[in-house]
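This is a predicted model, so every value here is computed, not measured. Throughout, residue positions are numbered sequentially from 1 according to the sequence presented. Each ligand, and each atom within it, is numbered from 1 in the order the structure gives.
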Amino acid sequence: MATTAKDIFVVGLRNAHAMESQAQEMMERQAERLDDFPDVKEKVRVHLQETKDQIERLDECLRSFGESSSSFKDTAQSVMGNLAAMAHSVADDEILKNTFANSAFEHYEIAAYKSLLAMCSPAGADSCRTLLEASLREEERMADWVDQNVENVTNMYLSKEIRRAA
Ligand SMILES: [Fe+2]
């Protein structure tokens, strides 16, 4: 059977669904342990809700192609698995590792949505475009925030550790 653009697009939607499920799991674990960094905790909480909305949007696109989310199982992609593992480590500097992993995750997600959007026309999936664009914008905003917060979070971590050692 010949592979069509639609087939490739549907695989891309499933991969994005697995990616977002993993993002959700990672942020749920992070949110439990971010009490020392209330700004980050609040941002993760907001993006966690956005991520749930993104999963809904992917479900909606999948349903429009006759796929239900229960008909496939999210398989963790190894890159994402490694990043998530990094973010799950309970180390003193976990806030830094979380920040690096979140930055990588958001940029991975941005690329995935851009790729899906590039396939909309050839796959005859223009009805998915608005949904995917909404998710892409959210990922771009989160990536910007994470990137802009790297120095801030590093300085907070430094002063916290120095205070603790004093
Ligand atoms: Fe995201």
So, Glu20 and Gln24: side-chain donor and acceptor under 3.5 Å apart, yes or no? no
Using the ring pair (Phe, Tyr, Trp, His ring centres under 6.0 Å) criterion, which residues pair with Phe9? Sequence neighbours excluded. Phe65
Is the side chain of Asn155 donor-acceptor paired with the backbone N or O of Glu151 at a distance under 3.5 Å, no angle test? yes
Restricting to N/O/S atoms, is Glu50 within less than 2.8 Å of the Fe ion (ligand 1) or not? no
Contacts of Glu42 meeting salt bridge (charged side-chain N to carboxylate O under 4.0 Å, His left out) (sequence neighbours excluded), chain-then-number -> Arg45
In [X], which N, O or S atom comes closest to the Fe ion (ligand 1)?
| X | answer |
| --- | --- |
| Glu106 | OE1 |
| Glu139 | OE1 |
| Glu109 | OE1 |

